[in-house]
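Reading through the structure tokens given below for one structure.
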Protein chains: 2
Amino acid sequence: MATEEDKPRESLWERLERPSPTPRQTLSPQRIAAAAAAVADAEGLEAITMRRLASELGVAPMAPYRYVAGKDDVLELMVDHVYADLRLPDGLGWRETMRALALGTRDLVLRHLWLAQLSPQARLSLTPNRMAVAEQALSALDGLGLDADAMMSVFRAVDAYVTGALNYESAVLNLLREHGWSDGGELRSELAPQMIWHMRTGRYPTFQRYLRTATRKDDAHWQFESGLTYVLDGIAAELGI
Amino acid sequence: MATEEDKPRESLWERLERPSPTPRQTLSPQRIAAAAAAVADAEGLEAITMRRLASELGVAPMAPYRYVAGKDDVLELMVDHVYADLRLPDGLGWRETMRALALGTRDLVLRHLWLAQLSPQARLSLTPNRMAVAEQALSALDGLGLDADAMMSVFRAVDAYVTGALNYESAVLNLLREHGWSDGGELRSELAPQMIWHMRTGRYPTFQRYLRTATRKDDAHWQFESGLTYVLDGIAAELGI
DNA sequence: ATTTCGTGAGATACAACGTACACATGAGTG
DNA sequence: CACTCATGTGTACGTTGTATCTCACGAAAT
């Protein structure tokens with residue numbers, strides 16, 4: 001059965017672009033976004049509560065609800081706020097543009113680790129600044145003789161790889177931060193007992209050999225670039241571009 | 001300053017393999033994992049609360065805490081529980097093994113959509129069944145003349161792509177389920193007003209052209225395979241295997 | 001057969017969270 | 001000066017994760 005709330009509620013972004021009739025207000029979606037992003041940058045996503053956000057803005061806990069429908073809207077505003085910093089240079093070839101997309105996204109996520117902690121559904125929302133990046137990326141894939149489906153498959157493949165790689169990389173960094181550990185060495189020494197126990201079972205000989213002989217276990221940038229090279233090489237080979 | 005709780009707490013998995021001295025108990029980690037996974041399969045991850053889980057098991061809300069240190073442990077148990085269904089066939093070449101890893105993971109996640117809703121840090125934990133899959137994948141990359149770092153970079157690249165692609169795919173499906181929508185058409189018609197508004201701004205001409213001319217927008221399987229082909233092709237090209 | 005003891009489950013309670021709802025307030029307009 | 005409506009306040013409710021105390025029961029010991 002259809003419920004009442006299915007009416008086509010005006011989108012968050014639609015409301016934003018129409019300036020409010022009385023502009024004299026202490027609160028605004030922009031201030032909310034900036035304050036929330038600042039808190040999350042400094043203390044992680046779990047520090048974002050509606051009460052904390054309100055106190056940060058110097059208002060009562062329920063005040064921000066004049067501008068957002070709920071906490072999910074706040075997260076959406078935060079995402080769009082930081083994505084304003086990500087733009088791709090024009091005039092590059094498709095491969096350099098995809099590389100800029102990947103490396104730029106990585107920079108952004110490493111500067112705002114909470115981006116990777118958002119629920120996948122929060123990352124689905126098409127905010128203006130994310131749409132702008134997608135448009136830039138797609139337009140760099142235009143004019144290569146690809147049909148629309150192929151163009152999107154390239155964009156999506158790069159985006160999927162970047163998302164997955166950063167999911168992992170930032171999860172490690174968030175773990176470090178939450179426990180107050182400083183570097184990967186400290187992480188490994190903390191996790192060592194568990195890992196040693198796993199290895200003692202003798203069930204994972206190949207994995208164990210990796211642990212013993214690998215030399216770039218901590219080189220996150222190299223790992224990111226390696227995978228990115230695979231993806232871009234494969235696109236070039238498969239599509240002949 | 002170092003806190004007391006930094007003592008090397010025995011791992012969840014370490015405790016599990018040592019059978020409890022008095023085996024007569026109504027609760028067990030296995031029962032907890034199975035019950036929780038069943039609830040999440042049927043009603044989504046947000047249905048998993050400690051109270052709900054306890055009532056599902058017919059015990060008091062705090063009873064499961066005998067076996068898990070907190071909700072995070074429950075999630076870890078759930079992950080391991082369903083990963084028991086994922087094993088890779090032996091004896092295949094590296095490419096077929098990586099394909100089996102990707103497609104098998106996709107099957108698993110589509111059967112248990114809540115897997116993609118877990119926090120990245122929950123997915124970091126190395127549960128026995130996930131370790132087993134990783135070991136199988138790595139051993140298929142053995143003997144190809146790759147060093148340990150290259151082997152892991154291949155595994156990680158495939159895993160990152162799969163994670164990212166499924167993050168997106170399952171987010172759409174979770175959105176459908178939560179709103180009670182049946183298929184992609186219904187999703188698009190619900191989101192149409194927002195999308196039309198975005199397009200009316202005229203800022204996204206390439207994106208708009210994609211929306212008009214693409215024919216495989218709903219073919220999730222094709223999209224997954226396309227990206228996977230790029231990744232595997234790139235690995236083959238870059239490493240000469 | 002009775003006592004002892006430890007383990008597993010129950011009951012109660014608390015702080016923190018998101019948010020619904022009714023009220024106060026103060027600037028702009030007549 | 002009165003009216004009005006957008007904007008922020010105060011209070012409260014239901015739900016969550018989980019700390020802590022208490023209780024029951026089965027096995028081992030006497």
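Every chain is numbered from 1 and lettered A, B, ... according to where its sequence line falls, protein lines coming before strand lines.
- B:Arg87 pairs by the salt bridge (charged side-chain N to carboxylate O under 4.0 Å, His left out) definition with nothing, not counting sequence neighbours.
- Under a 3.5 Å cut-off, the side chain of B:Arg31 and the backbone N or O of B:Thr26 do form a donor-acceptor pair.
- Remark: B:Phe155 CZ is packed, more than 12 non-hydrogen atoms of other residues, nucleotides or ligands lying under 6.0 Å away.
- With B:Asp73 contributing its side chain and B:Glu76 its backbone, the two residues share no donor-acceptor pair below 3.5 Å.
- At least one donor-acceptor pair under 3.5 Å links the side chain of A:Glu135 to the backbone N or O of B:Phe207.
- Across all non-hydrogen atoms, the minimal contact from A:Leu124 to B:Val172 is CD1-N, 3.8 Å.
- In terms of modelled atom types and a separation under 3.5 Å, the side chain of A:His81 and the main chain of A:Leu77 share no donor-acceptor contact.
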Review item, nucleotides 21-23 of chain D N/O atoms under 3.5 Å of protein N/O:
none

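- Between A:Arg31 atom CZ and D:dG8 atom C1' the separation is 13 Å, expressed in whole Å.
- Atom OH of B:Tyr204 is surrounded by more than 12 heavy atoms from other residues, nucleotides or ligands within 6.0 Å.
- Residue contacts for A:Ala63: at a heavy-atom cut-off of 4.0 Å it reaches a base atom on one of the strands shown.
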In 5'-to-3' order, the base (B), backbone-only (S) or no-contact (-) status of each nucleotide in nucleotides 12-20 of chain D, using a 4.0 angstrom heavy-atom cut-off, is B---BBBBB

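- In this structure, the CG atom of A:Leu57 is 15 Å from the C1' atom of D:dT9, given to the nearest Å.
- Using a 4.0 Å cut-off, no side-chain N or O of B:Thr26 falls inside it from OP1 or OP2 of C:dG8.
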